[in-house]
Number of protein chains: 2
Amino acid sequence: MKVKATDIAQMASASDVIFDALRAAIAKGDIAEGQTLRQDHIARMFNVSRIPVREALTRLEEQGLVSTQRYRGAVVTTLSTEEIREIFEFRALLEPEVLRFSVERISEEGLEAAKRFAHAFATETDSSHWGELNRSFHYSLYEASGRPYFLQTISAALDRVDRYLRAQLVLTDGMARARREHEGILLACIRRDAEEAAALTRQHILGACVSLIDFLDRTRAADDTPD
Amino acid sequence: MKVKATDIAQMASASDVIFDALRAAIAKGDIAEGQTLRQDHIARMFNVSRIPVREALTRLEEQGLVSTQRYRGAVVTTLSTEEIREIFEFRALLEPEVLRFSVERISEEGLEAAKRFAHAFATETDSSHWGELNRSFHYSLYEASGRPYFLQTISAALDRVDRYLRAQLVLTDGMARARREHEGILLACIRRDAEEAAALTRQHILGACVSLIDFLDRTRAADDTPD
DNA sequence: CTTCCAATTTTTGGATCCAAGTGTCAATAT
DNA sequence: ATATTGACACTTGGATCCAAAAATTGGAAG
């Protein structure tokens, strides 16, 4: 055995583990918006001191997932409707462009993988998996683009709105529409029609945005007037 | 005086100061590529312990300005030609879009400010200020876009390539061309011709990219064969 | 009952200390 | 002369400890 573990994957330090766990929890919506993350509390959860926790929180803040005020702790960021709209606008600009690159380069195996994710997404009955499968489908297509920086940026943008997106999938007709639209995107990719695939992706994102904001307007209005 | 300092700008903690200083130093190219940043060394420079230094380095890594290997310290990231090309491609997609939004919204005062930066850039003789003035000119135009997330993302991308960009301005004919191109962009903005301004910005970025990569190919080839 | 203020409790940012991993270089064996 | 090994110094990730800032509590005054 020539290849050591450290060559393939750097052994994860405590702060890496905490960072990933918190990031996933925020993306999935397991940690409520506006909730304060107490360093000591998290430290006890992971059986470590506060030092690696602080490092993880620092990274989360750099990613925009929490916002910190000096001596007042880290709070899961609440995005305004405008901020959400901007991030979707951002995705609607980047993702079609990435897909254009991918369509030119993706292999048959890559298309097969995307097809499997689309199928898994369409047939999954446990709604808690929808968000993950949705993301996997799109990423499986984007990965062939050979644009790591684009992917990383898209990923960061998606992390910020993931919990809203998941809610929109589950609590509206988002799932049914996403299923149809994925089908269309996939077929365009198989036909190697980059422009069509890009246009459909753009519509897919902007459509989800409209639906999500409509949904948020209703729920947030209801929250503000609970009487 | 009703407004306290803490209301406008959160009092900077030690790690903030260190982070900003290191980020600026890397962007300006004051810290050489590939150089290892020793926690203890930086800590002594700022008269603090290693804890806030580690926080700053963590944030720099999250921004992609340094890369860390467990127990081996933080090294200023060296970008390959391909990575640089991708980041310019990224900017060439985002910045024209942001400028489109700006042109619709920018005030006369905003245009005046941009004009002043363009003039300052064109007449500055100290080449060490060119990079900063170049950035100020573009930002003064982008700020009116009302797209904070776009701006933040562009800023992060620019931080990664800033030191290369500065070298290209100073060590090639980049400065002369940038001056002309700024003029064109500015005039298009004043005419409120969003499409023209966007197209010129895209050319401005892609042109700089070609010039920079050509420059890097020559210098790096020379570095690799120093005999 | 409400409002204000001081004392106490939390909680954070940072300093110091410790264990574990890495790099170096001289001594030894081939 | 070159490759191997092992001791030692260096550096990092993390634990523990401390001071300062914030939140909270409880009582006194209106």
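Here is the naming used below: chain letters follow the sequence lines, and residue numbers restart at 1 for every chain.
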### Task
Calculate the interatomic distance between A:R59 atom CZ and D:dG13 atom C1'; express it in whole Å.
13 Å
### Any donor-acceptor N or O pair under 3.5 Å, side chains A:Y142, A:E95
yes
### Task
May I have the step-by-step check of side-chain contact (heavy atoms from CB on, under 4.5 Å) for A:I185 and A:L99, ending in yes or no?
CA-CA 10 Å; A:I185 292 169; A:L99 190 53; 4.0 Å; yes
### Message
Please determine whether a side-chain nitrogen of the Lys or Arg among B:R59 and B:D20 lies less than 4.0 Å from a carboxylate oxygen of the Asp or Glu.
### Response
no
### Message
What is the separation between atom CG on B:D40 and atom C1' on D:dC10, rounded to the nearest whole Å?
### Response
10 Å
### Task
Specify the separation, in whole Å, of atom CZ of A:R38 and atom C1' of D:dT24.
12 Å
### Which nucleotide in C:dT12, D:dG13, C:dA15 has an atom nearest any side-chain atom of A:Y71
C:dT12
### Message
If you assign each of A:I51 and A:R72 to its closest nucleotide in DNA chain D, which residue comes earlier from the 5' end?
### Response
A:I51
#### Entry: Distance test, side-chain N/O of B:Q39 to OP1/OP2 of D:dG13, below 4.0 Å
yes
### Message
Can a side-chain donor-acceptor contact be found between B:S211 and B:D214 if the only test is distance below 3.5 angstrom?
### Response
no
### Summary
Side-chain atoms of B:S13 come closest, of C:dA15, C:dG13, D:dG13, to C:dG13
### Query
Roughly, in whole Å, what's the span from CZ in A:R70 to P in D:dA23?
14 Å
### Task
Tell me which nucleotide among C:dG13, D:dT12, D:dA22 gets nearest to the side chain of A:R54.
C:dG13
## Note on the structure
Taken to the nearest whole Å, CZ/B:F46 to P/C:dA15 is 13 Å
### Query
Across the strands shown, which category fits B:L37 at heavy-atom distances under 4.0 angstrom: base, sugar-phosphate, nothing?
sugar-phosphate
### Query
Can you tell me how far C1' of D:dG13 sits from CD of A:E55, to the nearest Å?
8 Å
### Summary
Of C:dG13, C:dG14, C:dA15, the nucleotide closest to the side chain of B:S49 is C:dA15
### Query
Can a salt bridge be assigned to the pair B:R135 and B:E132 using a cut-off of 4.0 Å between side-chain N and carboxylate O?
no
### Message
Tell me the interatomic distance from A:F19, atom CZ, to D:dG13, atom P, rounded to whole angstroms.
### Response
16 Å
### Query
Where the side chain of A:R50 is defined as all heavy atoms beyond and including C-beta, which of C:dA20, D:dG14, C:dG13 is the nearest nucleotide?
C:dG13
### Task
Provide, to the nearest angstrom, the distance between the CZ atom belonging to A:R44 and the P atom belonging to D:dG14.
19 Å
